Protein chains: 2
Amino acid sequence: MGKADIRESQDRFVAAWGQMGSAWGISRTMAEVHALLYITGQPLCTDDIMERLQISRGNASMSLRALVDWGIVEREHRRGDRKEYFRAEQDVWAMFRAIVRERMKREADPLRAALYEIRDSTIGRAGVDPGPELASHNRRLDELIRFFHTLEGVSNSFVSPAGRGLQAAAKILGYVGGALSGPKPENTEADPDTKEAI
Amino acid sequence: MGKADIRESQDRFVAAWGQMGSAWGISRTMAEVHALLYITGQPLCTDDIMERLQISRGNASMSLRALVDWGIVEREHRRGDRKEYFRAEQDVWAMFRAIVRERMKREADPLRAALYEIRDSTIGRAGVDPGPELASHNRRLDELIRFFHTLEGVSNSFVSPAGRGLQAAAKILGYVGGALSGPKPENTEADPDTKEAI
DNA sequence: GGATTGTTTCAATTTTTCCTGAAAATTGGC
DNA sequence: GCCAATTTTCAGGAAAAATTGAAACAATCC
């Protein structure tokens, strides 16, 4: 179990993480850079990363910046050294929260906005019978909107700091589960309008 | 608000859903086919879909099969008609559960298996001091494994049928939240070993 | 303030993924 | 069992995404 073994183990982790990333719409390299920073636990500079992953400077720079934007990697400076170093968030739950926060913001929110927009421009004039086809079209859009609304509520409370967020999210989920089928869980004062709850 | 308006509204939904899909590692077309089936609510045949989305027969066939594999679209036959028709799951939560189930199975499970494999081949000989570097490497892997273990537990209970699943998932989440910081929530008998819980 | 070290940007290229269309296989009706 | 309608497969081509590398830019030191 020497340094070489650890290095190989790290490389395997990097590969596995990179593969997972690409299944989730994240560029393989970006996921690999993150994996490397996480698994080494050390702050690394651009050159370290380029060498270790055999990627170009441009690619490393882009990936690092994206990771910093996502909030799961941070820059670090050292006195007497002009290089920038990068360090990955080491708390897995904090990392997960950052990812959820970011993906909701980038993907779910715009989709929800689009859904509202679509519904509002098709809902038909007030007082006029929409006809069965439009009615069920609107119903489907509404159900989806409701779903995303709930999802956003759960995610918002989850994303708030520390374990508190997890418990808040659990509460809302429990409430939603209750509302969907069967009696409410006891001891829950969470608002069904999940956006405001917690 | 005529048929043409509904059609346009559907098209906009299809486009929005397709875009979201591609951000999540699902081919745009596959997401669009699903969107079309969901938003029309009607069973459609391959030709309907080809024409509406302007895609090739091969593409339509592949996308439909994938959707069926995912469990969010089902085949439908009609007497005296050799065509196959396809109908999308209309319950948004059921759809979400199917997606979670499938993605866990395809991506999280293999990753977790890989993590175990990596850890077990690097953990060092029993009784031999691993040294600080290997120790913290192993700790990081373990934390990740624990995280995925928990995630799997939450997802497994969630994925079980109906609102029950949601509540079960909420319970586990609440427990995890409690364990991570602060006191346990009351009224929770969920096993911390989430895999077996529920 | 100029030299040096380090970072970012982006057009060109490579790689990957997706899609097409026609051929092969399958299915249902008779 | 045969035929025609329908579906599936897959090699090749098209489109999209990721990556490189070099030039522009920025920061730091002396």
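Since the model is a prediction, treat every value here as computed from it, not as a measurement.
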Practice task
Answer with yes or no whether the side chains of B:Trp24 and A:Glu107 bring together a donor and an acceptor at under 3.5 Å.
Solution key: yes
Exercise for the section: Return yes if a side-chain donor-acceptor contact under 3.5 Å exists between A:Ser121 and B:Arg12, otherwise no. Expected result: yes
Quickly work out the [X] [atom1] to [N] [atom2] distance and round it to whole Å.
X	N	atom1	atom2	result
B:Glu84	C:dG28	CD	P	8 Å
A:Met62	C:dA12	CE	C1'	13 Å
A:Leu64	C:dG6	CG	P	15 Å
A:Arg78	C:dT5	CZ	P	19 Å
B:Asn59	D:dT9	CG	P	14 Å
A:Met30	D:dT19	CE	P	11 Å
B:Glu76	D:dT6	CD	P	16 Å
B:Ile26	C:dC18	CD1	C1'	15 Å

Exercise for the section: Identify, between A:Gly58 and B:Arg75, the residue whose nearest nucleotide on DNA chain D lies closer to the 5' end. Expected result: B:Arg75
Handout entry: Neighbour count >12 (heavy atoms, 6.0 Å) for atom CD, A:Glu51
Key = no
Problem - Flag if over 12 foreign heavy atoms under 6.0 Å of CZ, A:Arg65 - result: no
Exercise for the section: Nearest 0.5 Å please: distance from the CD1 atom of B:Ile39 over to the CD atom of B:Gln90. Expected result: 8.5 Å
Practice task
Kindly indicate, with the supporting measurements, whether the criterion salt bridge (charged side-chain N to carboxylate O under 4.0 Å, His left out) is fulfilled by A:Asp47 and A:Lys83.
Solution key: CA-CA 9 Å; A:Asp47 292 274; A:Lys83 279 205 198 62; 5.1 Å; no
Exercise for the section: Return no unless some side-chain N or O of B:Thr29 is found under 4.0 Å from OP1 or OP2 of C:dC19. Expected result: yes
Handout entry: Any B:Ser27 side-chain N or O less than 4.0 Å from OP1/OP2 of C:dC18
Key = no
Fill in the blank from the handout: Of D:dT7, D:dT20, C:dT7, the nucleotide closest to the side chain of B:Lys83 is D:dT7
Completion exercise
Of the candidates C:dT9, D:dT19, D:dT8, the side chain of A:Arg65 sits closest to C:dT9
Practice task
Mind running a 4.0 Å heavy-atom check of residues 32-57 of chain A against DNA chain D and sending the residues that fall below it, in number order?
Solution key: A:Gln54, A:Ile55, A:Ser56
Exercise for the section: Would you please classify the geometry between the B:Trp93 ring and the B:Phe158 ring as parallel, tilted or perpendicular, with 30° and 60° separating the classes? Expected result: perpendicular
Problem - Lys/Arg cation over aromatic B:Tyr85: B:Arg78, 6.0 Å, 45° cone - result: yes
Between protein and nucleic acid, restricted to nucleotides 27-30 of chain D and to nitrogen or oxygen atoms under 3.5 Å apart, what atom pairs and distances do you find?
from: D:dA27; atom 1: N3; to: A:Arg82; atom 2: NH2; distance (Å): 3.2
from: D:dT28; atom 1: O2; to: A:Arg82; atom 2: NH1; distance (Å): 3.0
from: D:dT28; atom 1: O2; to: A:Arg82; atom 2: NH2; distance (Å): 3.2

Exercise for the section: Check whether the ring centres of A:Phe148 and A:Tyr116 lie less than 6.0 Å apart, and answer yes or no. Expected result: no
